[in-house]
There are 2 protein chains.
Amino acid sequence: MSRPTLEQVARLAGVSRATVSRVVNGGAGVSAAVRDAVRAAVDSLGYVPNPAARSLVTRRTDSIALVVSESTAQVFGDDPFFADIVRGVSAELELSDKQLVLLTTDTAAGRDRVRRYTSAHVDGVLLVSHHGNDPLYTALNAQGPPVVCGGRPLYAANTSYVDVDNTGGAYKAVDYLIRAGRRRIATIAGPQDMNAGVDRLTGYRAAVQKHGRRAIVAYGDFSRDSGQAAMHALLADEPDLDAVFCGSDLMAVGALASLRAKGRRVPDDVAVIGFDDIQQARYAEPPLTTVHQPSPLLGREMVRMMTRILSGEVPVEPVTLPTQLVLRSSA
Amino acid sequence: MSRPTLEQVARLAGVSRATVSRVVNGGAGVSAAVRDAVRAAVDSLGYVPNPAARSLVTRRTDSIALVVSESTAQVFGDDPFFADIVRGVSAELELSDKQLVLLTTDTAAGRDRVRRYTSAHVDGVLLVSHHGNDPLYTALNAQGPPVVCGGRPLYAANTSYVDVDNTGGAYKAVDYLIRAGRRRIATIAGPQDMNAGVDRLTGYRAAVQKHGRRAIVAYGDFSRDSGQAAMHALLADEPDLDAVFCGSDLMAVGALASLRAKGRRVPDDVAVIGFDDIQQARYAEPPLTTVHQPSPLLGREMVRMMTRILSGEVPVEPVTLPTQLVLRSSA
DNA sequence: CTCTTCGCTGAGAGCGCTCCCAATGGGGCG
DNA sequence: CGCCCCATTGGGAGCGCTCTCAGCGAAGAG
């Protein structure tokens, strides 16, 4: 009735527990005949190793945690970033036959869980989109399992992380605007306590400065509404701007709405470029020129980096994934 | 250096392993003095129970799996449904201090994992948005851990599931259109191998029939593009329709684009109602009247149902969560 | 032909925890 | 005053697995 154990498989195959264990774990050092007999027994009983028993002795759990702040998911709303990451992580973990444990850090209880769980429940932690001042990273790092961050941590040195080339992507976007003849290029920057917000602004500044232009900066929180509000303010302060680079597609969509409300034509009067390349960008009015970032790949790469760390490779170099400008109609 | 064990806590507190175990698991049947001493020892050593050792003997893992088909996440794209569910599940699981294990079923390897993992790795399985012909449900159900479905399974009788009132929501929407004086009301239905697609169409048919109208049905796959294409076809076949109820907001947004392209004014010429109430609906042009469904709550309720099952309650009645019509400008 | 080597297999000791059962002692009751 | 009961505690077995180590026979070397 209940699940078969190694012992039963061993009895059926007429060998010892140890031999069955060897076969189940790859079969090295077992003669072909015995190996086949054991495999047959395993199949006939439908044996599946008990992970608890295994991890009790190996001290590995073969599962890794993905830690996200719930507010992240919430703030982003329509932004499929979160789902993309999960998809990438999940797909890549499948290859190494590890489990994905999802943890949330918003409530105090949640953070507490993260702290407890990461000690013995998982072999490693994937930390995603934490704000710069997040004490969680330090706490995690001090305490044991290896940590890989998604996005460059703002204040933590000596970290393993995977990031997309936010700075370069922003630079490319602004550079494109300048080459297209735009004169007064503003930006709607994201939150400055998140690396994506900071780096995209940095890229903007670099491009603007390189061409001797003046930086015109407004701030949002990556959300659509904040983009709309920021565009509104920008239009009031700098009526003659002719381009705006937005730190996220959602903010760009908001900016588009604001520009439409003010009767500015896009891209004729004002060019708009976003960042992320979410689905909505394609269907925006007009379709949004934006910087594409490979979100699912970010998830995959985090797992790959973790795998390397787990297999003893150290130090591990940070990885930065390329971004690329996708030209549509808004610029 | 390494993690402290029960034994060490016991030694420090001057009691036996059994007593420490009792305290750690609630402290019933332990005198107050001893309990405090043990708690102090636990804190001072930073003791955290080893879940593998625990689950080896209790035969519980205190973790439950959320099984989603990756294609689901992919098809939905901008649809935050998936993220919402995860959020709800995660938040509710936190309360009972259980882990969330995420599994994906798209690749053959993934399905295989689901089959293996669900045997000893998790106490229960939450199955979400599986298509009607999905053999996974039967496989899971036959084999052991309790299963709770998100969305009424199409072909599986005698199931524990939580669903939103798709039929009722659709009915309300169409009923509203009729009362608003619309004469020729079409629908763009979702895929008919998913319960949401079927039930929303059923609600539409019920309302239309009740008022003696003719059903005008086109089909999409819940995606924006499919909605746009379906609207296009509908307009060709039924040029004088004056309302359309869409099985998803994304399809409604597509329909809006199609109507705009054909020069039909919304809601003046054609009223449009969607389903889901995603963020985009609010920002559609015009803002979309839609049927709100409580996605995060769906996740929570699935967990609650699972908790009840796990604590021995049986049979468990299916739960249907209410939907409500949100009036905006498109109808 | 003997000794060493090597490939394969089995025995056994735990991993850290829970839980059953026995032991202990103090208090209430007859 | 003796006995029983109950609340509290400790002892010990064992969950299913891995892994070290020893044993064994066959094969190769001298």
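The sequence lines fix the lettering, A, B, ..., with proteins before strands; numbering per chain opens at 1. In what follows, every heavy atom counts, from backbone to side chain, and hydrogens, waters and symmetry copies are set aside.
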Polar-atom pairs under 3.5 Å, protein N or O versus N or O of nucleotides 15-18 of chain D: list them with distances, or write none.
| from | atom 1 | to | atom 2 | distance (Å) |
| --- | --- | --- | --- | --- |
| dC15(D) | O3' | Arg59(B) | NH2 | 2.8 |
| dG16(D) | OP1 | Arg59(B) | NH2 | 2.6 |
| dG16(D) | N2 | Ala53(A) | O | 3.4 |
| dC17(D) | OP1 | Tyr47(A) | OH | 2.3 |
| dC17(D) | OP1 | Asn50(A) | N | 3.2 |
| dC17(D) | OP2 | Leu6(A) | N | 2.4 |
| dT18(D) | OP1 | Asn25(A) | ND2 | 3.2 |
| dT18(D) | OP1 | Arg54(A) | NE | 2.8 |
| dT18(D) | OP1 | Arg54(A) | NH2 | 3.2 |
| dT18(D) | OP2 | Ser21(A) | OG | 2.6 |
| dT18(D) | O4 | Arg17(A) | NH2 | 3.1 |

State whether the side chain of Arg300(A) and the backbone N or O of Gly88(A) hold a donor-acceptor pair below 3.5 Å, judged by distance alone.
no
If the cut-off is 4.0 Å, is Ser31(B) near the phosphate of dT8(D), judged by side-chain N/O to OP1 or OP2?
no
Using a 3.5 Å distance criterion without hydrogens, assess whether the side chain of Ser21(A) forms a donor-acceptor pair with backbone atoms of Arg17(A).
no
When you measure from the side chain of Arg22(A) to the backbone of Gly29(A), do you find a donor-acceptor pair of N or O atoms at a distance under 3.5 Å?
no
d(Glu301(A) CD, Tyr161(A) OH) to nearest 0.5 Å is 14.0 Å
Tabulated below should be each protein N or O lying under 3.5 Å from an N or O of nucleotides 22-28 of chain C; please produce it.
none

Does any N or O in the side chain of Arg3(A) come within less than 3.5 Å of the main-chain N or O of Val48(A), such that one atom is a donor and the other an acceptor?
yes
Residue list, salt bridge (Lys or Arg N to Asp or Glu O under 4.0 Å) with Arg39(A), at least two apart or on another chain
none
Summary of side-chain hydrogen bond (donor to acceptor under 3.5 Å, both in side chains) pairs that have at least one residue in residues 51-64 of chain B, sequence neighbours excluded
Asn25(B)-Arg54(B), Arg60(B)-Asp62(B), Thr61(B)-Ser63(B), Thr61(B)-Asp123(B)
N/O (side chain, Ser16(B)) to phosphate O (OP1/OP2, dT9(D)) under 4.0 Å:
no
Chi angles and distances behind the side-chain contact (heavy atoms from CB on, under 4.5 Å) call for Val101(A), Leu66(A)
CA-CA 6 Å; Val101(A) 174; Leu66(A) 177 61; over 6 Å; no
Contacts of Asp36(A) meeting salt bridge (Lys or Arg N to Asp or Glu O under 4.0 Å) (sequence neighbours excluded), chain-then-number -> none
Heavy-atom check, side chain of Gln293(A) versus side chain of Leu321(A), under 4.5 Å:
no
Determine to 10° how strongly the helix from dC1(C)-dG30(D) to dG30(C)-dC1(D) is bent, judged from the axes of its five-pair ends.
50°
